[in-house]
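For clarity, every value in this text was computed on a predicted model and none was experimentally measured. The figures here come from the full heavy-atom set of this structure, side chains too, leaving out hydrogens, waters and symmetry mates.
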Amino acid sequence: GKAYYAEGIYAEITKTAADGSTKTVTTTFSKYTTGSLYVTKFDGLAAKEMGDELKVVVYNAEGKQISEVWTDSVKSYAMRMLPKATKATDKAMYVEMLNYGAAAQVEFNYNAENLVNADLTDEQKAMGIASVELTDERVKGTGYIGSNLTLENQILLNIFFNGKLLTDDTHAVITFTDHNGNAKEITVQSSEYTTQGNYKIIVVDDIVLADSFTVVTVNVYDAEGNVVANASDSVESYAARMSSGDDLYMAIAKFAQAAYNSFHA
């Protein structure tokens, strides 16, 4: 409530990893978009860590604790929300969220003996997405080297180019149509390129999970406005290339489809 939005209020969020190690971050509050709620955000959670425990404590500007300790995890949240959900699309989203977390645990060998989807009943498992048809719509343009995904607190699409073409006097323009049908255009300055060896990477962090099926185009322009490098790809296309069946990439696709369906039901 509003008491938490007074000047200097902050939260300490402590994440406990599977090995017992902890990480504490201090976060501030901002007004939630609807109603009188205020929200604080923890950014450092990877998909494989959905079972990790989070403890939240709120302090005033003088450092005095003004809240109870709230303990939670993504798994706990999803398991709480699943029985409350009334729409089939929302039920599917919680199921596929946990399936994605479990697939990431297996892929990265993280606390794999305690999979976050292990407590789903057979009835709940059946609420998920049966299958997703994946299509690779990648366009390998000039200077394009490859793509990959970063699977941290959000799914990022990374597009690699020949570093010699992406000089300091170039800039990149990312264009796509989001899942709501809105045309998006984001300019990336050369100072924002990521360098890895001989490659320059354009990190597409403007898409959300439900945008996974939309093709993202990157055009790199020189100072005169000529296109010197370009490529198009999507999370779906990457998953189509990488998936060999019931694996992490299919889990990403199913979670993305479930999120899309939940938004557009």
Open item on the list: Closer than 3.5 angstrom, by distance alone: can the side chain of H264 be matched with the main-chain N or O of H179 as a donor-acceptor pair?
Closed with: yes
Task: CG on N60 to OG on S67, rounded to 0.5 Å - done: 10.5 Å
Task: Distance (rounded to the nearest 0.5 Å) between F161 CZ and I202 CD1 - done: 6.0 Å
Open item on the list: For E49, is there an ion pair with K15 - N to carboxylate O distance below 4.0 angstrom?
Closed with: yes
Open item on the list: Do L98 and L120 have side chains that approach each other closer than 4.5 Å (heavy atoms only, starting at C-beta)?
Closed with: yes
Task: Donor-acceptor contact below 3.5 Å, side chain S212 vs main chain L209 - done: yes
TODO: Compare all side-chain heavy atoms of T214 with those of D178 and state whether any distance is below 4.5 angstrom.
DONE: no
Open item on the list: Applying side-chain contact (heavy atoms from CB on, under 4.5 Å) to I129 and N261, what does each step give before you reach the verdict?
Closed with: CA-CA 10 Å; I129 300 267; N261 293 349; 3.7 Å; yes
Task: Backbone N/O of T28 and side chain of T40: donor-acceptor pair under 3.5 Å - done: yes
- [ ] May I ask you to check whether over 12 heavy atoms, not counting those of E113, lie within 6.0 Å of atom CD?
- [x] yes
TODO: Calculate, to the nearest 0.5 Å, the distance between atoms NZ and OH belonging to K254 and Y100 respectively.
DONE: 15.0 Å
TODO: Verify the distance criterion only: is there a donor paired with an acceptor across the side chains of D233 and S147 at less than 3.5 Å?
DONE: yes
Open item on the list: Looking at every non-hydrogen atom in both residues, tell me the closest pair between V56 and A11 and how far apart they are.
Closed with: CG1-CB, 4.3 Å
Task: Where N99 and E96 come nearest, the two heavy atoms and their spacing - done: ND2-OE1, 3.1 Å
Open item on the list: Quick one: does any side-chain atom of D222 pair with a main-chain N or O of G225 as donor and acceptor, under 3.5 Å?
Closed with: yes
Open item on the list: With a sphere of 6.0 Å drawn around CG of D246, does it hold more than 12 non-hydrogen atoms of other residues, nucleotides or ligands?
Closed with: no
Open item on the list: Test your reading of the model: is there a side-chain donor-acceptor pair from E185 to the backbone of V173, 3.5 Å cut-off?
Closed with: no
TODO: Given salt bridge (charged side-chain N to carboxylate O under 4.0 Å, His left out), test K55 with D72 step by step and report yes or no.
DONE: CA-CA 7 Å; K55 285 189 185 299; D72 214 344; over 6 Å; no
- [ ] Verify the distance criterion only: is there a donor paired with an acceptor across the side chains of Y199 and T194 at less than 3.5 Å?
- [x] no
Open item on the list: Let me confirm one number: the CE-CG distance from M242 to D136, rounded to the nearest 0.5 Å.
Closed with: 11.5 Å
TODO: Check whether any side-chain heavy atom of I9 sits under 4.5 Å from a side-chain heavy atom of I66, and report yes or no.
DONE: yes
Task: Identified side chain to side chain contact (heavy atoms under 4.5 Å, CB included) counterpart of M93 within the set F263, F255, Y260 - done: F255
- [ ] For the residue pair V106 and K48, establish whether any side-chain heavy-atom pair is separated by less than 4.5 Å.
- [x] no
Task: Within-4.5 Å side-chain heavy-atom neighbours: I174 and V188 - done: yes
- [ ] Please answer whether the main-chain N or O of T135 pairs with a side-chain N or O of E236 as donor and acceptor at a distance below 3.5 Å.
- [x] yes
- [ ] List the steps, then state whether side-chain contact (heavy atoms from CB on, under 4.5 Å) holds for S243 with M250.
- [x] CA-CA 6 Å; S243 180; M250 186 56 70; 3.9 Å; yes
Open item on the list: For A259 versus A210, what's the shortest heavy-atom pair and its separation?
Closed with: C-CB, 4.4 Å
Open item on the list: Taking V215's backbone N and O only, do any of them form a donor-acceptor pair with S234's side chain (distance below 3.5 Å, no angle check)?
Closed with: no
TODO: Answer yes if the side chains of S262 and D90 hold a donor-acceptor pair under 3.5 Å, and no otherwise.
DONE: yes
- [ ] Verify the cluster assignment for V139 and V216: are they in a single hydrophobic cluster under the rule of side-chain heavy atoms below 4.5 Å apart?
- [x] no
- [ ] Identify the two heavy atoms, one from Y144 and one from A231, that lie closest to each other, and give their separation to 0.1 Å.
- [x] CD1-CB, 3.4 Å
- [ ] Just jot down the ring pair (Phe, Tyr, Trp, His ring centres under 6.0 Å) partners of Y249, sequence neighbours excluded, or say none.
- [x] Y238
TODO: Keeping the roles fixed (side chain from K184, backbone from T177), state whether a donor-acceptor pair exists under 3.5 Å.
DONE: no
Task: Test item: side-chain donor near acceptor, K200 and T195, under 3.5 Å - done: yes
Open item on the list: Taking K75 first and then D119, would you say they form a salt bridge - that is, a charged N and a carboxylate O separated by under 4.0 Å?
Closed with: yes
TODO: Check whether any side-chain heavy atom of Y193 lies under 4.5 Å from a side-chain heavy atom of V203, and answer yes or no.
DONE: no
TODO: Taking all heavy atoms of A85 and all of Y94, pick out the closest pair and write down the distance.
DONE: CB-CE1, 4.3 Å
Open item on the list: When you compare the side chains of N158 and T150, does any donor N or O come within less than 3.5 Å of an acceptor on the partner?
Closed with: yes
- [ ] Could you grab the distance from atom CD1 of I13 to atom CZ of F42, nearest 0.5 Å is fine?
- [x] 6.5 Å
Open item on the list: Keeping T24 on the side-chain end and T14 on the backbone end, is there a donor-acceptor pair under 3.5 Å?
Closed with: no
Task: L151, D205, I207 screened by side chain to side chain contact (heavy atoms under 4.5 Å, CB included) with L156, the one that passes - done: D205
Open item on the list: Measuring from atom CE of M81 to atom OG of S76, what distance do you get when rounded to the nearest 0.5 angstrom?
Closed with: 13.0 Å
Task: Main-chain N/O of N111 paired with Q105 side-chain donor or acceptor, under 3.5 Å - done: yes
- [ ] Grab the two heavy atoms, one from N162 and one from K164, that are nearest each other, plus how far apart they are.
- [x] OD1-N, 2.9 Å
- [ ] Decide yes or no on side-chain contact (heavy atoms from CB on, under 4.5 Å) for K91 and L82, but give the supporting numbers first.
- [x] CA-CA 6 Å; K91 294 178 198 286; L82 183 53; 3.9 Å; yes
